[in-house]
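All figures in this text were calculated on a predicted structure; none of them were measured in a lab.
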Amino acid sequence: MLGRPHETLLSDRSPRTNAFLSGAPTVFGSGVPAVDGVRIGIGGWTYAPWRHTFYPQGLVTRRELEYASRRFSTVEINTTFYGARRASEYAQWREQTPEGFVFSVKAPQHITQRGPLAKCGKAAWAFLNGGLAELGDRLGPVLWHMPPSRLFDADDLAAFLDLLPRTLDGRPLRHVIEPGHPSFVDPRYVDIARGFGAGTVFTDAPDMPVLGDVTGRIVYLRLMRSRVDIAEGYDGAELDTWLERAREWARGEEPNDVAHLVEPAATLGKREVFVYFIGGAKQRNPAAAMSMISRLLRR
């Protein structure tokens, strides 16, 4: 069984008994803070193999988010990609997570996968105003995935971004674009995203376009190359490299080993950096995230 490095980082300080099965109160810890603007987590919190490699034995499913949110400073909500959730669910997720924890939310696929983006404003508004406000201060970036079938269209993308609201219930909304087609590797894309302050996903996925240009106040990393033959998904040197890049971006700098399409924009100061281990050997992703968190906390 895969070791659990979080046990040396944050102790449950309670025996693993049938309290997990009964739902009795158990101390899971107060959470993991963002450090110097860097947040690290995983995609989702429900995955059957994690019940053997990450969650304590006997932990009931309804408490998995409560537990995971004490091990990471952020989690990307993926279920919303397949359809909007009820306001009551968002409220429950808020209540189950500690102060300082932040979700990112992946917008429903039907918004960006059908027809011109410029005609998706009504659907986007319906999603954003369909209960997300219940997350309150737990609401972080909203991720808009552009499928591999969608080619970059400068006018269409600009029209879509112009339709997106900038606030929700008085809180700023932070939008992030995930390009899926290589045509997005275009200086015009960088200019448009910067013009609207939208972030761009940076990934190590071999089948996704790689854009190292920072386009907003948020840097959003989706790391998708964890490997099953490595207990922590990535080897230590790889985790150190990604963490150093995250720290540089958070300081408002640009890593010198990341290619750019255009000249870096004038820095606006410190940035928020979200790092998610997602895809790849998914059973290893919690260990990868916790290993990076332990490195972040001890520096």
Side-chain angles (χ1 to χ4, degrees), residues 43-46 74-94 102-186 188-203 205 208-209 211 215-218 220 222 274 276 278-279:
W45 58 87
T46 301
T74 185
V75 164
E76 182 185 280
I77 301 176
N78 302 133
T79 57
T80 44
F81 183 63
Y82 304 100
R85 314 299 292 191
R86 297 188 301 272
S88 59
E89 290 180 278
Y90 293 122
Q92 289 172 4
W93 294 342
R94 182 195 67 233
V102 171
F103 292 102
S104 66
V105 184
K106 195 170 184 179
Q109 59 185 331
H110 72 265
I111 298 175
T112 57
Q113 292 189 358
R114 300 176 185 173
L117 291 169
K119 295 183 178 180
C120 294
K122 184 176 180 180
W125 275 74
F127 165 65
L128 294 169
N129 289 280
L132 274 184
E134 292 295 333
L135 288 175
D137 61 5
R138 308 294 199 271
L139 177 60
V142 178
L143 177 63
W144 301 92
H145 170 74
M146 303 295 158
S149 60
R150 182 175 291 285
L151 277 64
F152 170 62
D153 181 323
D155 293 337
D156 191 38
L157 179 65
F160 175 70
L161 291 175
D162 194 41
L163 291 169
L164 296 180
R166 301 295 183 263
T167 61
L168 179 65
D169 199 27
R171 299 181 185 276
L173 276 173
R174 296 168 287 177
H175 300 289
V176 175
I177 303 297
E178 182 180 32
H181 192 274
S183 59
F184 277 79
V185 184
D186 185 319
R188 293 175 299 165
Y189 166 75
V190 177
D191 290 341
I192 291 169
R194 283 180 178 170
F196 287 95
T200 299
V201 167
F202 184 60
T203 182
M208 296 283 286
L211 285 154
T215 58
R217 295 296 294 270
I218 286 177
Y220 199 108
R222 299 184 91 228
F274 290 78
Y276 295 103
I278 187 165

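Listed here is the closest heavy atom pair of G199 and Y189: O-OH, 4.2 Å. In this structure, W93 and T79 approach most closely via the heavy-atom pair CH2-OG1, 3.9 Å. Nearest heavy-atom pair, I111 versus A124, reported as atom, atom and distance to 0.1 Å: CD1-CA, 3.9 Å. Across A193 and T200, no two heavy atoms sit closer than the pair CB-OG1, 4.2 Å. The two residues P108 and A84 come nearest to each other via the heavy atoms CG-N, 4.3 Å. Scanning all heavy atoms of the two residues, the minimum distance from Y220 to E76 falls at OH-OE1, 2.6 Å.
Note that CZ of F202 is 13.0 Å distant from CD of E178, once rounded to the nearest 0.5 Å. Interatomic distance, E134 CD to L139 CG, rounded to the nearest 0.5 Å: 11.5 Å. We find the CG-CD1 distance between D186 and I192 to be 8.0 Å, quoted to the nearest 0.5 Å. The CG atom of L211 lies 9.5 Å from the CZ atom of F184; values are rounded to the nearest 0.5 Å.
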Q. Under the side-chain contact (heavy atoms from CB on, under 4.5 Å) criterion, do Q113 and H145 qualify, and how do the steps go?
A. CA-CA 9 Å; Q113 292 189 358; H145 170 74; 4.2 Å; yes

**Q.** Audit row: K106, Y82, side-chain contact (heavy atoms from CB on, under 4.5 Å) steps and yes/no
**A.** CA-CA 9 Å; K106 195 170 184 179; Y82 304 100; over 6 Å; no

Q. Can you list the steps and then say if I177 with F196 is a side-chain contact (heavy atoms from CB on, under 4.5 Å)?
A. CA-CA 11 Å; I177 303 297; F196 287 95; over 6 Å; no

Q.
Go through it in stages, so that I can follow the logic: the residues are E89 and I77, the test is side-chain contact (heavy atoms from CB on, under 4.5 Å), and I'd like the CA-CA distance, side-chain angles, deciding distance and then a yes or no.
A. CA-CA 12 Å; E89 290 180 278; I77 301 176; over 6 Å; no

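Listed for the R138 side chain is no donor-acceptor partner under 3.5 Å among the backbone atoms of S104. A donor-acceptor contact shorter than 3.5 Å is absent between the side chain of D156 and the backbone of P116.
Residues F160 and M146 have side chains in contact (heavy-atom distance under 4.5 Å, counting atoms from C-beta outward). Residues L173 and R166 have side chains not in contact (no heavy-atom distance under 4.5 Å, counting atoms from C-beta outward). Between C120 and T112 there is no side-chain heavy-atom pair separated by less than 4.5 Å. For the pair L132 and T80, the minimum side-chain heavy-atom distance is 4.5 Å or more. Under the 4.5 Å side-chain criterion, counting only non-hydrogen atoms from C-beta, R217 is not in contact with R174. Side-chain contact between R222 and L143: present, with at least one pair of heavy atoms (C-beta onward) separated by less than 4.5 Å. The shortest distance between side-chain heavy atoms of F152 and H181 does not fall below 4.5 Å.
When L164, L161, L157, V176 are each tested for a side-chain contact (heavy atoms from CB on, under 4.5 Å) with W144, only one passes: L164.
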